[in-house]
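Below is one structure; the comments refer to it alone.
Note that the structure is predicted; figures quoted are calculated from it, not measured.
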Amino acid sequence: VRDVLPVGVLVLTADGRVADCNPAAAHLLGVAQHELVGGPSYALRWLLSHADGRALGPVEAPVERVLGGHDAAAVEPLAVARRGSARLWVALDARAAVTSDGERLVVVTLTDVTARHVMARALEEGSRRFHALATHVPVGILETDPEGGCTYANPRCVAVLGLDDALDALGDGWLAAFPPEERERLLNAWAEAVEHATPFRHACRVRPGGAADDGSDEAADDARWVVVSLAPTRDAAGAVVGYVGAIADVSAEKRSEEELRALALLDGLTGLYNRRGFEAAAGARLAECRRARVPVALLYLDLDGFKGIN
């Protein structure tokens, strides 16, 4: 059975000699079985090292700890310096055992964890790159849980929302940056996106620190506009585990849009609706009255002699 096990197994005597090993152990260590059997256990320290390249010391080497009296010891990942082959990473577990004759042995198992180690390193490196990028990009980056609670906000996101610190954005904190009526509209749109597991995009007004908009001209002048664009992130099974995306300050674009709209719909001298503006406003008001089934009246005033002034 030991010869077909995918896990490497070594049996050591109480004096630290390798009494037996299976083919998997020899393969993982990159040596022949006969080179291991009969040799000293401390030779394992020549073949193994920490993942960062540090050598295993006598005190921390699991096998020697068990030989010294411990019942069990384990460590991972350990790099294997294999001759002429690509480096592997293994998990080593050493446990004390006693035979029916009362002989004390140490059973060592070696498990190949190369794929797991490489994936963990890749994820760690990817996470470092993401946070380095997110810290310096001029776009707000927001990450949330499925319910909309913030789990990460980069410095630009904090600045766009007018918050003091990234900690202020965590949980529901980022929503405090929006006036109550804007917050309600945003949450309604969010609920619909979550229900259908679709990307989320919403333009809304934000005030520094989430101060309530009192409707004054000063509040309107201070208001900034942002676009929140988030997409769902999924686990291996396809379930939505959160949202990630960007928050962009579009205040300049919004002001330009309002200026263009004013040029198209308002009279430059009086600031009143021109014909196009009047038709658009009248059409919208008539549509509201039809939906509400209420009467509407139009009052027309003719100012004599006004042409001479205009």
Looking at every non-hydrogen atom in both residues, tell me the closest pair between Val296 and Cys289 and how far apart they are. CB-SG, 3.8 Å
Working to the nearest 0.5 Å, report the span between CG of Asp172 and OG1 of Thr144. 10.5 Å
Taking only Lys NZ, Arg NE, NH1 and NH2, and the carboxylate oxygens of Asp or Glu, determine whether Asp71 and Arg95 approach each other closer than 4.0 Å. no
Should the heavy atoms of other residues, nucleotides or ligands under 6.0 Å from CZ of Arg121 be counted, would the total exceed 12? no
Mind checking whether Val98 and Leu105 have side chains closer than 4.5 Å, heavy atoms only? no
Under 3.5 Å, side chain of Asn154 to main-chain N/O of Ala134, donor-acceptor pair present? yes
So, the side chain of Arg276 versus the backbone of Ala264: is there a donor-acceptor pair under 3.5 Å, distance only? yes
Please check this pair: side chain of Asp93 against backbone of Val108, looking for a donor-acceptor N/O pair closer than 3.5 Å. no
Assigning hydrophobic clusters by single linkage (Ile, Leu, Val, Met, Phe, Trp, Tyr; side-chain heavy-atom cutoff under 4.5 Å), is Phe130 placed with Val137? yes
Does any N or O in the side chain of Asn22 come within less than 3.5 Å of the main-chain N or O of Val7, such that one atom is a donor and the other an acceptor? yes
Looking at OH of Tyr152 and CG of Leu142, how far apart are the two atoms once the value is rounded to the nearest 0.5 Å? 10.0 Å
Using the six-membered ring wherever Trp is involved, compare the ring planes of Tyr243 and Trp190 and label them parallel, tilted or perpendicular (cut-offs 30° and 60°). tilted
Are Val194 and Pro146 packed together at the side-chain level, in the sense that at least one heavy-atom pair is separated by less than 4.5 angstrom? no
Heavy-atom pair with the smallest gap, counting every atom of Ala197 and Pro232: O-CG, 3.8 Å
So, are Arg129 and Glu125 salt-bridged, with charged N and O less than 4.0 Å apart? yes
Main-chain N/O of Glu143 paired to Thr151 side chain as donor or acceptor, under 3.5 Å: yes
Compare every heavy atom of Pro23 with every heavy atom of Asp3, then report the nearest pair and how far apart it is. OD1-CD, 3.4 Å
Could you go step by step and tell me if Val37 and Cys21 meet the side chain to side chain contact (heavy atoms under 4.5 Å, CB included) rule? CA-CA 7 Å; Val37 176; Cys21 76; 4.2 Å; yes
Going by an N to O cut-off under 4.0 Å, is there a salt bridge joining Glu279 and Arg275? yes
State whether the number of non-hydrogen atoms from other residues, nucleotides or ligands found under 6.0 Å of Glu258 atom CD is greater than 12. yes
CD on Glu192 to CZ on Phe200, rounded to 0.5 Å: 10.0 Å
Would you check if there is a donor-acceptor pair between the side chains of Thr99 and Asp101 at a distance under 3.5 Å? no
Please report the shortest heavy-atom distance between Trp174 and Cys150, naming the atom on each side. CD1-CB, 3.6 Å
Where do Ala169 and Ala153 come nearest, in terms of heavy atoms and distance? CB-CB, 3.9 Å
Apply the side chain to side chain contact (heavy atoms under 4.5 Å, CB included) test between Val227 and each candidate in Ile247, Asp249, Val250; give the one that qualifies. Val250
Show, in sequence, the C-alpha distance, side-chain angles and deciding distance for Leu175 and Leu187, and conclude whether the side chain to side chain contact (heavy atoms under 4.5 Å, CB included) test is met. CA-CA 9 Å; Leu175 295 172; Leu187 289 175; 3.8 Å; yes
Contact check, side chains of Asp267 and Tyr273, non-hydrogen atoms, under 4.5 Å: no
For the pair Arg234 (side chain) and Ala239 (backbone), establish whether a donor and an acceptor sit closer than 3.5 Å, ignoring hydrogens and angles. no
Please step through side chain to side chain contact (heavy atoms under 4.5 Å, CB included) for the pair Arg128 and Glu124, ending with a clear verdict. CA-CA 6 Å; Arg128 279 200 299 266; Glu124 182 181 339; 2.9 Å; yes
To the nearest 0.5 angstrom, please state how far the NZ atom of Lys254 sits from the OG atom of Ser251. 10.0 Å
Backbone of Val241 reached by a side-chain donor or acceptor of Thr233 within 3.5 Å: no
When hydrophobic residues are tied together by side-chain contacts of less than 4.5 Å, even through go-betweens, does Leu10 share a cluster with Val31? yes
If we only count heavy atoms from C-beta on, is the Arg156 to Ile141 side-chain gap below 4.5 Å? no
Taking the side chain as everything from C-beta on, heavy atoms only, tell me whether Phe178 gets closer than 4.5 Å to Leu161. yes
Determine whether Arg185 and Glu181 satisfy the following criterion, salt bridge (Lys or Arg N to Asp or Glu O under 4.0 Å), listing intermediate values before the conclusion. CA-CA 6 Å; Arg185 284 194 287 269; Glu181 70 279 7; 5.1 Å; no
Between Cys204 and Glu182, which heavy-atom pair has the shortest distance, and what is it? CB-OE1, 3.3 Å
For Thr114 and Trp89, indicate whether the former's side chain and the latter's backbone hold a donor-acceptor pair under 3.5 Å. yes
Would you check if the side chain of Asp168 reaches a backbone N or O of Asp165 as a donor-acceptor pair within less than 3.5 Å? yes
Any chain of hydrophobic side-chain contacts (each under 4.5 Å) joining Val9 to Val113? no
Examine Trp225 and Leu163 and state if one hydrophobic cluster contains both, with Ile, Leu, Val, Met, Phe, Trp and Tyr joined whenever side-chain heavy atoms are less than 4.5 Å apart. no
A side-chain contact here means heavy atoms from C-beta on lying under 4.5 Å apart; do Thr135 and Pro155 qualify? yes
Do Arg285 and Glu288 come close enough that some side-chain heavy atom pair is under 4.5 Å? yes
Membership question, hydrophobic clusters at under 4.5 Å side-chain separation (ILVMFWY): are Val240 and Leu230 in the same one? yes
Heavy atoms, side chains only, cut-off 4.5 Å: are Thr109 and Leu92 in contact? no
What do the steps show when you test Leu28 against Leu88 for side chain to side chain contact (heavy atoms under 4.5 Å, CB included), and what is the final call? CA-CA 8 Å; Leu28 287 173; Leu88 295 180; 4.0 Å; yes
